[in-house]
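Letters A, B, ... are given to chains in the order of the sequence lines, protein chains preceding strands, and every chain is numbered from 1.
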Amino acid sequence: MKKSQKILALIGTNIPRVDIQEKMTGEALFTDDIQFGVKLLYARIKRSPHAHALIKSIDTSRAEKLPGVRAVVTGADFSGRIGLYLKDRHIIARNRVRYIGEPVAGVAAVSEAVAEKALDLIQVEYEPLPALFLPQDAIKPDAPLIHPDLGEYEVVNFIFPKPGTNISNHFKIRKGDMKNAWKNCAAIVENEYYIPHIQHVPLETHVAVAKVDLSGKITLWTSSQSPFAQRDLIAKTWGMSPADIKVISPYVGGGFGCKAGVTMEALPVLLAMKVKGCPVKLRLTREEEFYTNFVRQALLIRLKMGCDAEGNILAMENTMYWDGGASTEYGVNITRAGGYSSTGPYDIPNVKTDSYCVYTNNTIGGPYRGFGMSELHTGIEQCVDELANKIKMDKVAFRMRNVVESGDILATGMVMHPTGIKACIEKVAEAIEWGKPSEPSAPHKKRGKGIALMWKAPAMPPNPGSSATLKFNSDGTVFLSIGGQEIGQGAFTVAAQIAAAGLGVPMDWIRISKPLDTDYSSYEWQTVASRITWTMGNAILDAAKDARKQIFKIVAKAWKENKKDLEIKDGIVYSTNTDKKISLKDFVITGIPKKKDQGWIGGPIIGRGKFMPTYVTGLDKDTGQGKRAVVHYTTGAQGFIVEVDTLTGKLEIIKAVSAFDVGKAINPDLVKAQIEGGMVQGISSALFEQLVFKEGVLQNPNFVDYRIATTMDLPDKMESYYIEVPQDDGPFGARGIGEHPMVPTIAAIANAINDAVGIRLEGPPFTAEKLFMAIKAQNKSVD
Amino acid sequence: MKMHTINFTINGRKESLKVSSNLTLLHMIRENLALTGTKNGCEAGECGACTVLLNGEPVNSCMVLAVECDRAEIMTVEGLTENGELARLQESFKNLNAVQCGFCTPGMLITAYELLQRNPHPTPSEIKEALVGNLCRCTGYERIIQAVEQASGE
Ligand code: FES
Ligand code: FES
């Protein structure tokens, strides 16, 4: 059998999830399930009731005296700052609070009830300051500064804060000749859209348990997408060696970005330092999860797009104001991602982009499935529809004409790689019977169809690394040590598949070493950016290659054969030359005996592998130009058929269709599961979700007032497709698909609503109430 | 806080515990009995992650006080698993990849199990209705609904 055929048996196959059994029996361990015994202390956090204020004084003396209280911390205990790209956040507020919910003190006690009681005994005196809740206010020249010390913060070299303002990053693209471009346009559309804050809402809230031993070493158990990044950030913050911090992370009950980086995990660490030897647990309540957890930043986007009479888009001006919240340590890079992808998946010769990350006194913004792309595409894809309308061109034909193709020079100067986006558009258009009217179910109901495209690149530093180790056991089974986390997406299953295919062993020989433990697991930057299948997959293949090399060396020596004639299949090494065979289990630990008992060849096999993109370049600060802005783009399209009840404004989704180019579907059914789950999360964000703030106070911090999709909110019909145009730097050609399925959803639904009733709302959620009011206003203006 | 002694059966085992009057059934299951298969997603009766069977009825255990469970029969996901009663549902959840992060899964399985006991051949809309109180942020529900349907198939 040829090598490629053998691999096909495992790659592209619907192997059942390796974590399924334990997740169905209640056995799967999540952080809050770990038993810590009687020494465990419980933490609660005192939080700021002010959006912006100076802390005049904190009196913790009464709390400290409460029986059962073991430790109290305030900002006075630690002056360092933490942050992934920009170190602008105190673990506990010092001198100043910048959002409602910011930690001002923490208590560790023998029970949650005692800790809670102690919080009430802590007295904090504030001097309120003027607060800013809208980015458009915060960028005004006379706006009060939320971070007067911005110029002193440590920052990575691809983020550009503007000290003396509330702008913590300004990303620019200047490409082509805007003035002339507008002159040549036959149609120009200008629009503004607002996409509100939403929350991630994993079913498992954040939980972290920290223990500091007498020598000062830290152990942290967390529900985390990023055990290694947490270790390294905490080490940096406290000036410790990463080797003195151990992060253990079992299964994660949903992440969607909010369990990346360090958010609340440093709080129990701070408390644990005061009660050495005792584990301290902090578990966010659902209410805290809603109002203190990093949010998806709100975005105000102003777009101007123009095309010639044939429908070629000639120019785009894109100005984005991201509501970064009180700290933008992670959010600054969302601004950058929004900037370098600011054209959407279109080939546009003249581009002017300004993407601003703006401090406000809202909850801190952070990574959210899509990393800015849902918000960006909500603007772009509605604007594209409007432009097609204006020149009276079919919206699908208009997109087909302008969409990016292999070899196009992108807005940053990067050359586009091969992509299947055109096939995705065709697939979606066909599935929703584009161009054919769909009959409404009642006379007062109207149907419409909408389509939206998307692209997204993994957003990360240029050189995030991955590694993998394969350690054999005496029966041929293999422990695969990785640092990529299983957050529900199926990472462990795909990792095992890739390892088995790479080595040439049966799937059930591969065991994932878990829980992730930074002392034992192989390094991985973070489980974010839809990068794991791609980057960790590459590292695993590299490790498999390394193990095979060792194996072949041993066998070739024992058999006196050429290494090139050896192969491994189903765990058996065989020679294509002589028909000799040996099972891996016979020698991967013990080696192979030499003839006549004259010693041994070999020894335990450990394969090690790595992957790191080395080809991403910097971009010019003033023009955004560079050779290669990102590793690659995953592209796709969605189409919706909706029905709007004109009497009530109620929206029903008749059909929802997705198609994405995943490069190679390693496990096709898991790809489809990602697409479906993401699409429903996208639908939920389009129809129901918005964090409603009043002067910085969240009005809906629970599941009743902040509704997410339930079983009753599904489209009547859902279809998902994938296209496979291989990625040259991906394992077996694979690209990521974790985030993409919710990126085009809001725009596609908005376009379908517009097609049905001719209405465009300023932004989601497209609630029945908003639609009803808009329809009413429309009828009035017609009368 | 007043303490009460309660006697109950959990997963077929007889237990006797001294509990305070404000202890919830969820806390009793997770903390006092260390049966951590039952999950805590909101403690407000809004997510269904904590669903268990109380005298055969699915309840949000975060909304039930332990003292109410004197002489009650409680079944958690661990109990159903041990009995092998969940086997068919588990098989279809596995076949259809109806699990992602798995945090909602124990509650989903309990609710679905009770539905099938009560109504061996539910229609998709009956399944949706039964599961409306069980939130899932990962799967988009479609596969869960199909899995319950498949499990009811034979
Ligand atoms: S934890 Fe009981 S319903 Fe959410
Ligand atoms: S599988 Fe994650 S919440 Fe349902």
Side-chain angles (χ1 to χ4, degrees), chain A residues 14 16-17 19-30 32-35 113 200-205 251-256 283 285-287 289 486-490 667 669-670 672-681 683-684 702-704 708-715 718 741, chain B residues 1 20 22 30-31 34-49 76-82 86 89-91 93-109 124-125 127-145:
Chain A
N14 295 328
R17 296 182 66 109
D19 55 351
I20 191 96
Q21 205 56 35
E22 27 173 358
K23 284 184 173 174
M24 288 188 308
T25 56
E27 244 172 344
L29 206 64
F30 295 84
D32 197 33
D33 301 338
I34 303 172
Q35 304 295 311
H200 305 74
V201 199
L203 256 276
E204 176 204 37
T205 61
Y251 283 124
V252 176
F256 313 110
R283 195 183 66 80
T285 63
R286 181 54 65 184
E287 187 185 7
E289 186 76 20
E486 176 55 69
I487 59 174
Q489 82 285 48
N667 188 320
D669 204 51
L670 288 185
K672 289 193 165 193
Q674 275 309 290
I675 295 177
E676 285 164 27
M679 187 152 63
V680 171
Q681 195 174 354
I683 290 170
S684 189
N702 57 65
F703 283 127
V704 173
I708 65 167
T710 70
T711 50
M712 302 304 270
D713 303 309
L714 301 185
M718 252 198 301
Chain B
M1 190 74 60
S20 64
N22 66 351
R30 285 186 54 85
E31 316 291 333
L35 289 167
T36 53
T38 303
K39 301 300 178 206
N40 176 354
C42 71
E43 288 189 271
E46 293 164 4
C47 77
T76 69
V77 70
E78 288 94 342
L80 288 180
T81 301
E82 277 167 32
L86 271 178
L89 265 172
Q90 287 174 336
E91 196 52 34
F93 267 61
K94 176 171 162 180
N95 291 340
L96 285 157
N97 275 322
V99 174
Q100 288 191 25
C101 81
F103 203 78
C104 70
T105 312
M108 286 282 179
L109 287 170
S125 62
I127 298 171
K128 285 184 188 179
E129 220 161 286
L131 293 176
V132 69
N134 290 79
L135 297 181
C136 174
R137 190 57 152 174
C138 303
T139 63
Y141 304 105
E142 193 67 41
R143 286 159 183 271
I144 294 174
I145 296 159

Between chain A and each of [options], count heavy-atom pairs under 4.5 Å; write down the option with the most.
{"options": "B/K128, B/E43, B/M108, B/E82", "answer": "B/K128"}
{"options": "B/G37, B/C42, B/A34, B/A49", "answer": "B/C42"}
{"options": "B/V77, B/L131, B/T105, B/N97", "answer": "B/N97"}

Do [X] and [Y] have side chains that get closer than 4.5 Å, going by heavy atoms?
{"X": "A/D669", "Y": "B/R143", "answer": "yes"}
{"X": "B/Q100", "Y": "A/K23", "answer": "no"}
{"X": "B/F103", "Y": "A/P202", "answer": "no"}
{"X": "B/E142", "Y": "A/V680", "answer": "no"}

Where does [X] contact chain B at under 4.5 Å (heavy atoms): side chain, backbone, both or neither?
{"X": "A/I34", "value": "neither"}
{"X": "A/N702", "value": "both"}
{"X": "A/V252", "value": "backbone"}
{"X": "A/M24", "value": "both"}
{"X": "A/Q35", "value": "side chain"}
{"X": "A/T25", "value": "both"}

>> Please determine whether a side-chain nitrogen of the Lys or Arg among A/D32 and B/K39 lies less than 4.0 Å from a carboxylate oxygen of the Asp or Glu.
In response: no

If I measure from the heavy atoms of chain A, does [X] come under 4.5 Å with its side chain, its backbone, both, or neither?
{"X": "B/T36", "result": "both"}
{"X": "B/I144", "result": "neither"}
{"X": "B/L135", "result": "both"}

>> For A/R286, give me all partners under salt bridge (Lys or Arg N to Asp or Glu O under 4.0 Å), at least two apart in sequence or on another chain.
In response: none

>> Counting heavy-atom pairs under 4.5 Å with chain B, which one of A/A673, A/P16, A/G255 comes out on top?
In response: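 Looking at each of A/A673, A/P16, A/G255 in turn, A/A673 comes out on top.
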
> Does a side chain donor of either B/Q90 or A/Q21 reach within less than 3.5 Å of an acceptor in the other side chain?
Replying inline: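 Judged by distance alone, the side chains do not pair up.
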
